[in-house]
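Numbering of ligands and ligand atoms starts at 1, following listing order. Worth saying up front: this structure is predicted, and the values here are computed from it rather than measured.
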Amino acid sequence: MKTEQLVRTFVEYFEERGHQRIVGSTLLPPPGDSVLFTTSGMHPLTPYLEGRPHPLGRRLVNVQRCLRTTDLDEIGDATHLTVFEMLGTWSLGDYEGPRSLDWGYGLLTEGLGIDRRLLHATVYAGDGRSERDTASLQLWQDRGVPVELTVDDNWWSNGPVGPCGPDSEIFLWNGDGPPRSTPTQDDRWVEVWNHVMMRHRRLGDGSLVPLPQRNVDTGLGLERLASLLQGKSSVFEGDLFEPWRRLVPPLWRLEESSRRLVCDHLRSAVVVLGDGVRPAHTGRGYVLRRLVRRVLTVLWREDPSYGLDDLPDELIRHTLDHFRQDMPPAGVRRLLLDEERRFRLLMERGRQVLARPRFRGRLTEEDFRYLHDTHGLPRDLITSLSQG
Ligand code: SER
């Protein structure tokens with residue numbers, strides 16, 4: 001099943017069950033939001049989870065693009081992407097968790113044809129914060145799906161304060177042979193869908209208070225499920241990355257995890273540019289800058305003659321088309337190349353400055369400050385130059 005078809009099947013399934021589709025899905029959070037990028041499907045819905053009536057009603061479905069910098073160190077493995085899409089559903093004070101899980105189970109098994117013996121669930125075991133989620137446990141037992149009880153892995157929050165609650169996660173077996181063990185013991189169980197019983201709010205002092213309504217918030221990582229349905233064990237093997245798999249290896253000789261990182265970060269940079277962000281030394285623009293610089297660092301480590309000039313237009317266009325962004329590919333290319341030029345100059349300057357006797361040996365905090373304030377050299381760049 002192609003990714004586009006998976007999206008259609010998901011959205012229609014929930015539309016048939018009374019959900020309205022939210023349209024528009026930029027990476028930029030609404031004005032006044034303190035985070036730099038949308039990090040999950042529920043994020044733009046925070047005010048509605050907290051009780052404000054949503055103009056589209058109490059049952060919603062959405063495809064939301066997200067960017068997570070918290071997972072940057074994981075990029076290169078089989079399941080993480082910096083920019084990814086999340087399929088999401090919400091009950092804003094309408095139906096409760098067991099119904100959500102039951103629909104989720106129905107969609108995975110009947111709608112998408114997944115063998116139910118390949119599923120495993122986890123459920124919140126209960127602790128001082130909240131009691132055991134017996135309703136979810138019961139639902140899974142009734143459906144014959146094995147359940148593991150955990151505490152911290154089954155509590156979801158978007159940050160230290162705000163809406164949060166116990167969750168029930170659905171895992172799909174991705175190993176050879178019959179399923180074994182449990183999700184916390186064996187990482188061949190891949191998490192595909194999280195259903196959060198979003199009914200608490202954590203306050204600044206750490207205490208929990210009930211939200212004005214009992215919500216359910218679910219999120220399913222699109223690329224991850226699509227690649228599993230396509231019989232692939234890595235998101236980079238799925239249909240969305242087909243042009244990257246075809247065009248990048250002949251261009252740049254890289255080992256597997258570096259190639260994944262380069263593809264992930266370049267694709268993410270294109271999407272971020274497509275949503276209107278420009279490289280800068282702070283905020284969103286700095287995240288973008290770091291993505292591009294990390295790509296260049298990896299490429300130059302392999303071969304200093306590698307560069308973004310070689311990046312095929314097809315990859316830029318494919319990404320912009322998939323995310324329905326209307327920026328011209330030539331504009332994206334120009335910005336990437338500007339950024340590369342700037343970084344090359346900075347690297348040269350950095351090398352010259354760091355060659356001075358004063359900077360031999362271990363650098364002090366004062367050195368870092370001086371190098372930053374006087375020469376514009378960020379700490380991560382100094383560190384990589386001193387190591388390289
Ligand atoms: N908030 C949950 C998540 O991001 C479900 O949407 O996983």
>> Could you check whether any side-chain N or O of R68 sits under 3.5 Å from a backbone N or O of T39, counting only pairs where one atom can act as donor and the other as acceptor?
In response: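 Side chain of R68 to backbone of T39: a pair is present.
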
> Mind checking whether G219 has an N or O less than 3.5 Å away from an N or O of ligand 1?
Replying inline: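 For ligand 1, there is an N or O atom that lies under 3.5 Å from one belonging to G219.
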
Atoms in ligand 1 with a heavy atom of [X] nearer than 4.0 Å:
| X | result |
| --- | --- |
| M42 | 1 (N) |
| T218 | 5 (C), 6 (O) |
| S40 | 4 (O) |
| D217 | 1 (N), 2 (C), 5 (C), 6 (O) |
| V196 | 2 (C), 5 (C) |

> Has R129 got its NZ or CZ under 6.0 Å from the middle of the six-membered ring of W155, at an angle within 45 degrees of the ring axis?
Replying inline: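 Yes, R129 lies over the aromatic ring of W155.
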
>> Do R17 and Y95 form a cation-pi contact, if we require the NZ or CZ to be under 6.0 Å from the six-membered ring centre and within 45 degrees of the ring's axis?
In response: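 Negative - R17 is either too far from the ring of Y95 or too far off its axis.
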
> Under 6.0 Å from the CZ atom of R358, do we count more than 12 heavy atoms belonging to anything else shown?
Replying inline: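 It does: R358 CZ has more than 12 such atoms within range.
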
> Y48 pairs by side-chain contact (heavy atoms from CB on, under 4.5 Å) with which of P53, P55, P163?
Replying inline: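 Only one of P53, P55, P163 forms a side-chain contact (heavy atoms from CB on, under 4.5 Å) with Y48, namely P55.
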
> L119 and L149: same hydrophobic cluster, using ILVMFWY side-chain contacts below 4.5 Å?
Replying inline: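 Cluster IDs for L119 and L149 match.
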
> Does R68 have a non-hydrogen atom less than 4.0 Å from ligand 1?
Replying inline: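 Yes; R68 lies near enough to ligand 1 that a heavy-atom distance drops under 4.0 Å.
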
> Of all the heavy atoms in M86, does at least one lie under 4.0 Å from an atom in ligand 1?
Replying inline: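 True for this residue.
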
>> Is the contact between N158 and ligand 1 made by the side chain, the backbone, both, or neither, using heavy atoms and a 4.0 Å cut-off?
In response: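 Answer for N158: neither.
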
> Can you tell me the protein heavy atom closest to atom 4 (O) of ligand 1 and the distance?
Replying inline: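 Sorting protein heavy atoms by distance from atom 4 (O) of ligand 1 puts W156 CZ2, 3.1 Å first.
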
> Mind checking whether F10 and W193 have parallel, tilted or perpendicular rings, split at 30° and 60°?
Replying inline: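 Rings of F10 and W193: tilted, 30 to 60°.
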
